[in-house]
Student: 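Dropping the structure in here first, questions after.
Residue numbers begin at 1 in each chain, while the letters A, B, ... track the order of the sequences. None of these values were measured; they are calculated from a predicted model.
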Number of protein chains: 2
Amino acid sequence: MNKESARDRILRVASELFYMEGIRAVGIDRIIKQSGVAKASFYRSFATKDDLTVAYLESRDELKVEKLEKLRRLYPGSPKEQLSALIRDVTEQMGTPNYRGCPFLNAAVEFPDPDHPAHVKLLDIQRSFWSRVLELAREGGARQPEELTAQLRMLYDGFVMKRYLDKSDLDPEYFRKAAELLLEKQLVPDNHQG
Amino acid sequence: MNKESARDRILRVASELFYMEGIRAVGIDRIIKQSGVAKASFYRSFATKDDLTVAYLESRDELKVEKLEKLRRLYPGSPKEQLSALIRDVTEQMGTPNYRGCPFLNAAVEFPDPDHPAHVKLLDIQRSFWSRVLELAREGGARQPEELTAQLRMLYDGFVMKRYLDKSDLDPEYFRKAAELLLEKQLVPDNHQG
DNA sequence: AATGATACAGACAGATCTGTCTCATGTCAA
DNA sequence: TTGACATGAGACAGATCTGTCTGTATCATT
């Protein structure tokens with residue numbers, strides 16, 4: 001029965017607030033009050049708000065990476081299945097109530113300065129995630145893995161944004177069909193290639 | 001030789017700063033200093049910063065609508081050509097140096113509260129733009145115009161975001177090919193339908 | 001009981017933000 | 001020349017932000 005550490009409690013509260021209302025919009029004081037921690041304790045765990053922001057992005061990334069690894073283990077040795085499962089998974093996940101878009105894309109908008117630590121971190125996270133997908137595309141025998149990955153990424157990020165500001169029940173189905181069309185074009189053994 | 005009005009000068013300066021650095025990140029004082037206008041004059045033109053923000057979004061929207069109308073006039077009576085031209089156009093536009101993403105998507109992230117005037121405005125702008133595209137898809141005889149429009153929107157918004165944070169020379173080509181694949185599937189007279 | 005570590009509570013500094021208000025200056029018409 | 005008015009310059013109020021610092025309470029160990 002480990003008591004949750006102050007750092008974890010702060011991070012949990014901050015994650016919720018940052019995601020729901022935006023990072024810039026949420027002040028330190030609110031996080032402190034809501035996590036029931038003293039200001040001094042807060043600054044012992046995180047030297048600056050930027051540090052907390054980076055930790056927030058990292059924790060979000062960990063969840064995403066774990067999910068991907070789980071899917072990979074679920075369909076061992078079958079990259080095509082892994083890709084399809086990934087598409088199904090994000091499609092479902094997008095139905096979550098209180099869905100507020102991609103934490104990394106949002107952070108990129110909030111911190112456009114490419115030298116800002118949060119911006120650096122999120123670029124790194126995005127690069128790393130999509131290079132894993134690229135790996136999948138390669139392993140699956142895509143004709144042009146870079147092209148397929150880039151297109152899936154566009155479609156996915158756009159799905160995320162559309163879903164964020166204009167929820168429609170049909171979106172997930174539209175997304176899935178478009179993604180599978182892209183996959184099909186690149187992964188079929190050897191069909192009518194345009 | 002009409003002298004530019006104070007309002008126009010403010011709006012021009014604010015547009016540049018808002019787009020390049022984000023709306024929340026740019027203070028009134030900077031806009032005032034850079035547009036060489038007195039604070040009182042500023043507040044005569046725009047009662048609040050929110051008003052200026054909404055005006056900024058409106059002016060961006062006008063440019064976009066004009067562009068679309070121009071394309072429609074360029075290929076009269078041919079919605080398919082208009083759609084293709086739209087895709088080509090955004091593809092080219094995305095190569096602009098200092099490209100910083102879609103002003104409306106960015107604003108949506110900066111003002112997630114759906115009641116915020118800027119959020120209301122940008123939702124309206126987005127809805128209006130994509131209903132025009134839907135019209136095009138209908139006129140062009142798409143099999144499922146809603147589906148095609150939603151998919152094009154996802155692809156486009158994702159292109160915008162990817163382009164924003166990870167510029168790659170190949171993106172425009174990948175986008176164009178994916179968009180045309182979607183178009184093809186929906187607009188060919190009567191081919192192999194999946 | 002004494003001590004040291006840790007945490008809460010919150011005052012405080014210093015910066016920055018929006019929006020109001022004052023005042024000096026310039027312009028134009030009568 | 002004079003009066004009405006618009007404008008630039010900027011002080012100011014009040015709020016809010018991050019981050020520092022002080023003081024007090026709690027708890028484990030000696």
Side-chain angles (χ1 to χ4, degrees), chain A residues 1-57 106-107 109-113 115-119 121, chain B residues 1-57 106-107 109-113 115-119 121:
Chain A
M1 215 39 52
N2 257 337
K3 247 193 65 179
E4 189 187 29
S5 78
R7 190 181 190 281
D8 289 347
R9 196 158 63 249
I10 293 167
L11 191 51
R12 184 169 46 76
V13 168
S15 279
E16 175 73 10
L17 291 174
F18 283 171
Y19 184 65
M20 291 307 291
E21 305 185 24
I23 299 168
R24 299 186 60 120
V26 174
I28 291 290
D29 285 344
R30 254 181 91 199
I31 296 169
I32 285 167
K33 176 150 289 186
Q34 194 159 327
S35 53
V37 118
K39 214 162 194 180
S41 306
F42 172 90
Y43 278 101
R44 240 192 308 280
S45 294
F46 302 97
T48 66
K49 188 188 178 186
D50 283 349
D51 286 1
L52 173 61
T53 302
V54 169
Y56 156 65
L57 294 175
N106 293 352
V109 172
E110 290 203 87
F111 302 101
D113 177 3
D115 294 329
H116 191 285
H119 196 103
K121 171 56 74 177
Chain B
M1 213 42 48
N2 257 337
K3 249 192 65 179
E4 189 187 28
S5 77
R7 191 179 190 281
D8 289 347
R9 196 159 60 249
I10 293 166
L11 191 51
R12 183 168 47 76
V13 168
S15 280
E16 174 73 11
L17 290 174
F18 283 171
Y19 184 65
M20 291 308 292
E21 306 184 23
I23 298 169
R24 299 185 60 119
V26 173
I28 291 289
D29 286 343
R30 253 180 91 201
I31 296 169
I32 286 166
K33 176 150 289 187
Q34 194 159 328
S35 54
V37 119
K39 213 162 194 180
S41 305
F42 173 89
Y43 279 100
R44 242 192 306 279
S45 295
F46 302 96
T48 67
K49 188 188 178 183
D50 283 350
D51 286 2
L52 173 61
T53 302
V54 169
Y56 156 65
L57 295 175
N106 292 353
V109 172
E110 289 202 88
F111 303 101
D113 177 2
D115 293 329
H116 190 286
H119 197 103
K121 170 57 74 177

Student: Grab the CG-C1' distance between B:D29 and D:dA13 for me, whole Å please.
Tutor: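 From B:D29 CG to D:dA13 C1': 14 Å.
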
Student: Counting N and O atoms only, with roles assigned by atom type, does the side chain of A:H116 sit under 3.5 Å from a partner on the main chain of A:F111, one being a donor and the other an acceptor?
Tutor: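 Not a single qualifying donor-acceptor pair exists.
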
Student: Atom CG of A:D51 and atom P of D:dG19: how far apart are they, to the nearest Å?
Tutor: 9 Å

Student: Whole-Å distance between D:dC17 P and A:I31 CD1?
Tutor: 11 Å

Student: I want to verify a distance call: between C:dT18, D:dG19, D:dA9, whose nearest atom is closest to the A:T48 side chain?
Tutor: D:dG19

Student: When the distance from NZ of B:K33 to C1' of D:dG8 is rounded to whole Å, what number comes out?
Tutor: 12 Å

Student: Nearest whole Å is fine: how far is C:dC12 C1' from A:I32 CD1?
Tutor: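 Going from A:I32 (CD1) to C:dC12 (C1'), I get 14 Å.
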
Student: Nearest to the B:V37 side chain among D:dT18, D:dG8, C:dG19, which nucleotide is it?
Tutor: D:dG8

Student: Can a donor-acceptor pair be found, under 3.5 Å and without considering hydrogens, that links the side chain of B:E21 to the backbone of B:V26?
Tutor: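 Judged by distance alone, no pair lies under 3.5 Å.
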
Student: Whole-Å distance between C:dC17 P and B:L17 CG?
Tutor: 12 Å

Student: Using OP1 and OP2 only, check whether a side-chain N or O of B:R44 sits under 4.0 Å from D:dT7.
Tutor: yes

Student: Measure from the side-chain heavy atoms of B:A38 and tell me the nearest of D:dG19, D:dA9, C:dT18.
Tutor: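 The answer is D:dA9, which lies nearest to the side chain.
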
Student: Toward the 5' end of DNA chain D, which comes first, B:G36 or A:A47, by nearest nucleotide?
Tutor: B:G36

Student: Expressed as a whole number of angstroms, how long is the span from A:R30:CZ to D:dG19:P?
Tutor: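 Rounded to whole Å, this separation is 17 Å.
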
Student: Would a distance-only check, ignoring hydrogens and angles, find a side-chain to backbone donor-acceptor pair under 3.5 Å from A:S41 to A:V37?
Tutor: no

Student: B:F18 pairs by side chain to side chain contact (heavy atoms under 4.5 Å, CB included) with which of B:V13, B:I31, B:L57, B:N106?
Tutor: B:I31

Student: Once you round to the nearest 0.5 Å, how far does CZ of A:R24 lie from CD1 of B:I23?
Tutor: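 Those atoms lie 11.5 Å apart.
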
Student: What is the distance, rounded to the nearest whole Å, between atom CZ of A:F42 and atom C1' of D:dT20?
Tutor: 14 Å

Student: Between A:D50 and B:K39, which has a closest nucleotide on DNA chain D that is more 5'?
Tutor: B:K39

Student: Choosing from C:dT18, C:dC21, C:dA7, which nucleotide comes nearest the side chain of A:S41?
Tutor: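 Of C:dT18, C:dC21, C:dA7, C:dA7 is nearest to the side chain of A:S41.
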
Student: Would you indicate which nucleotide in C:dC8, C:dT18, D:dA9 comes nearest to any side-chain atom of A:R9?
Tutor: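 Out of C:dC8, C:dT18, D:dA9, the nucleotide with an atom closest to A:R9's side chain is C:dC8.
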
